[in-house]
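Start at 1 with the first residue, then count along the sequence. Values in this document were obtained by computation on a predicted structure and should not be read as measured data.
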Amino acid sequence: MPDAAPTPTLADLGLLVAAIDHDQQRPVAQRELDDKAFHAANPTPAADDLATLRRWAAHRAGAHHALGELARRAAAAEALMRVLSLALGLAVGVLLALGVFYYDGSARINVLAVLAVFVFLPLALLLLVGVAMLPMRVAEALPGVGPLAELLRGLSVGRVVRGVMHLLPQSWRDSLAWSRGAAGKHAQLYAEVEKWSLLTASQAFASALSFAAIITLLLLVVFSDLAFGWSTTLDISPARFHELTQGLALPWSWTARATPSLELVESSRYFRLATNEATPEDARALGGWWGFVVMSMVVYGLLPRLVVWYICHARQRAAIRAALLTTPGAPAVLRRLSRAAIHTASPEAELGAHDTPGAELSRSSIADADAVIIWADAPRPSSGSPHPLAAGGSRTIAEDRAVLASLGQRDPRPSVALYVKAWEPPMLELLDFLRDLRQTIGQGAAITVVPTGDASAEQHNAWHRKLTTLSDPWLSVAARAEP
């Protein structure tokens with residue numbers, strides 16, 4: 001199977017999260033068969049871990065019809081949302097340009113108003129975008145900048161663009177919600193992806209707006225007559241205003257057509273109280289401003305937006321790549337696929353005579369665990385596991401804290417397999433212990449809850465639903481063994 005497109009998308013991230021979540025609910029034996037089927041379908045190794053994960057997620061989507069259908073619709077919905085953001089920007093740009101450049105012959109188009117709308121305001125907004133682009137740690141270190149950056153990201157046009165999804169058909173909305181919901185399942189992990197996705201959408205909108213405004217102006221210049229001028233209540237002399245235009249025109253000073261002369265500046269000033277009736281020759285001269293206006297919109301409105309759009313898009317791709325590799329469960333999938341590639345032809349291990357029910361699950365669950373905890377005298381794991389620690393049940397709070405303290409002293413912080421009785425529902429005492437355990441070993445370390453005692457599908461699903469409420473991205477329930 002060839003690798004997916006080289007640029008990962010938000011839909012790829014959503015698919016990987018959903019594929020891992022679906023995979024964790026499958027029995028261990030079935031997962032081993034799936035891994036062998038994956039290697040049989042992909043005899044050529046992938047270029048890197050990222051390509052392996054994307055190829056594996058695509059393989060799981062191909063093997064599971066519902067997952068594959070959702071993935072296809074989510075990818076199509078993401079593409080449609082990008083088109084909608086551009087289309088919305090184009091529409092707003094056309095309407096804004098028609099309003100700013102409206103001319104019925106009764107009054108001239110004020111160049112100062114044009115510059116304010118299409119040059120000075122976009123540049124000021126770009127400064128705010130720059131604040132929103134600051135890394136979290138940098139923004140929080142600067143007094144008052146952290147809350148401002150968070151506010152700006154919340155007010156991003158990207159959120160408005162996302163609101164357009166409510167106009168899509170129900171099936172498309174469900175697919176797009178699945179993609180964003182799966183990728184945004186744990187905000188602390190995917191905050192960077194969310195940040196750069198919103199900024200990319202907002203800059204796509206702004207770039208389309210500037211482009212549409214420029215094209216609209218050019219069409220008006222070609223198919224109608226426009227008369228420009230400048231007017232202000234402030235005491236600004238024509239010579240001073242000419243200096244301003246000369247400074248703005250420095251990037252294109254090589255062309256005299258787009259650089260207004262002092263004579264044009266002096267003759268185009270007008271006052272609304274005066275009649276300002278212009279002869280045909282005067283009207284023809286007043287149209288000479290259009291080159292300067294177009295170049296100002298291109299250089300100060302469109303080009304900076306395109307550059308920032310490219311930067312945001314590149315940062316979004318980098319954030320998605322990082323999120324794909326650090327998604328909870330992804331490292332375990334890579335290790336499992338690596339072992340499967342080596343032992344594809346090895347025979348299935350048989351259960352030992354003294355193994356407890358669910359021992360197959362136990363061996364798989366502790367394969368990568370650095371520590372094992374037995375909760376409330378649950379069935380012990382098979383031999384070969386790390387020396388188990390005991391907590392919960394008849395043990396005191398002090399004993400539980402001693403277990404946590406011993407794990408907290410390890411460096412690096414260990415991954416933990418916690419064995420529980422499948423037939424007992426998860427109690428508040430256990431949930432509190434899991435919260436304390438996460439605080440002790442820190443973020444990033446895996447915690448795998450292993451329901452033992454031949455867990456039924458209903459019991460396994462109950463544990464999965466309850467532990468999901470903890471919103472811990474590195475907490476998972478071990479796959480159920482075949483009965």
Side-chain angles (χ1 to χ4, degrees), residues 92-93 95-131 206-207 209-222 224-308:
V92 174
L95 294 176
L96 184 61
L98 290 176
V100 173
F101 297 112
Y102 175 75
Y103 178 66
D104 60 358
S106 61
R108 302 173 188 180
I109 301 172
N110 194 343
V111 174
L112 277 175
V114 175
L115 294 178
V117 173
F118 292 113
V119 173
F120 301 137
L121 179 60
L123 290 177
L125 292 177
L126 271 182
L127 292 177
L128 298 179
V129 172
V131 173
S207 299
L209 187 153
S210 295
F211 177 78
I214 293 169
I215 296 300
T216 302
L217 172 58
L218 291 175
L219 291 176
L220 290 174
V221 168
V222 173
S224 66
D225 63 316
L226 300 180
F228 293 91
W230 65 281
S231 179
T232 176
T233 308
L234 301 177
D235 186 16
I236 299 178
S237 66
R240 181 62 61 85
F241 188 68
H242 180 252
E243 292 176 0
L244 172 64
T245 58
Q246 290 293 104
L248 291 174
L250 278 178
W252 61 90
S253 58
W254 46 270
T255 171
R257 285 184 172 271
T259 305
S261 64
L262 179 59
E263 293 75 16
L264 177 60
V265 173
E266 291 176 340
S267 63
S268 58
R269 184 172 190 177
Y270 71 97
F271 299 91
R272 288 186 296 174
L273 286 178
T275 57
N276 287 299
E277 294 182 357
T279 65
E281 290 74 15
D282 294 334
R284 187 179 301 110
L286 295 177
W289 278 98
W290 75 267
F292 170 79
V293 173
V294 169
M295 291 301 298
S296 297
M297 294 171 64
V298 171
V299 173
Y300 299 108
L302 179 60
L303 293 182
R305 289 291 180 177
L306 292 176
V307 171
V308 176

Sorted by chain and number, sequence neighbours left out, side chain to side chain contact (heavy atoms under 4.5 Å, CB included) with Leu303 holds for Val298, Leu306
Residues passing the side chain to side chain contact (heavy atoms under 4.5 Å, CB included) test with Val299, sequence neighbours excluded, are Pro251, Trp252, Met295
If you take all heavy atoms of [X] and [Y], which pair is closest and at what distance?
X	Y	answer
Phe292	Pro260	CD1-CD, 3.6 Å
Val100	Ile109	O-CG2, 3.8 Å
Leu125	Arg305	CB-NH2, 3.5 Å
Val117	Pro122	O-CD, 3.2 Å
Phe241	Ile236	N-CG2, 3.9 Å
Thr259	Gln246	CG2-OE1, 3.0 Å

How many angstroms lie between CG in Leu126 and CG in Leu121, if you round to the nearest 0.5 Å?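 Leu126 atom CG to Leu121 atom CG measures 10.0 Å (nearest 0.5 Å).
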Output for pair (Leu302 CG, Ile214 CD1), nearest 0.5 Å, gives 4.5 Å
Does Phe211 have any ring-ring contact (aromatic ring centres under 6.0 Å, His included) partners at least two apart in sequence or in another chain, and if so, which? none
Step by step, work out the side chain to side chain contact (heavy atoms under 4.5 Å, CB included) result for Leu226 and Trp290. CA-CA 8 Å; Leu226 300 180; Trp290 75 267; 6.0 Å; no
Where the side chain of [X] meets the backbone of [Y], is there a donor-acceptor pair that is under 3.5 Å apart?
X	Y	answer
Thr245	His242	yes
Tyr300	Leu248	yes
Thr216	Ala212	yes
Trp289	Gly229	no

Chi angles and distances behind the side chain to side chain contact (heavy atoms under 4.5 Å, CB included) call for Val114, Leu217: CA-CA 11 Å; Val114 175; Leu217 172 58; over 6 Å; no
Might you work through the side chain to side chain contact (heavy atoms under 4.5 Å, CB included) test for Leu244 and Arg240, ending with a clear yes or no? CA-CA 7 Å; Leu244 172 64; Arg240 181 62 61 85; over 6 Å; no
Apply the test side chain to side chain contact (heavy atoms under 4.5 Å, CB included) to residues Leu127 and Val131: give CA-CA distance (whole Å), side-chain angles for both, the deciding distance (0.1 Å), then the verdict. CA-CA 7 Å; Leu127 292 177; Val131 173; over 6 Å; no
How are the rings of Phe101 and Phe118 set to each other: parallel, tilted or perpendicular (split at 30° and 60°)? parallel
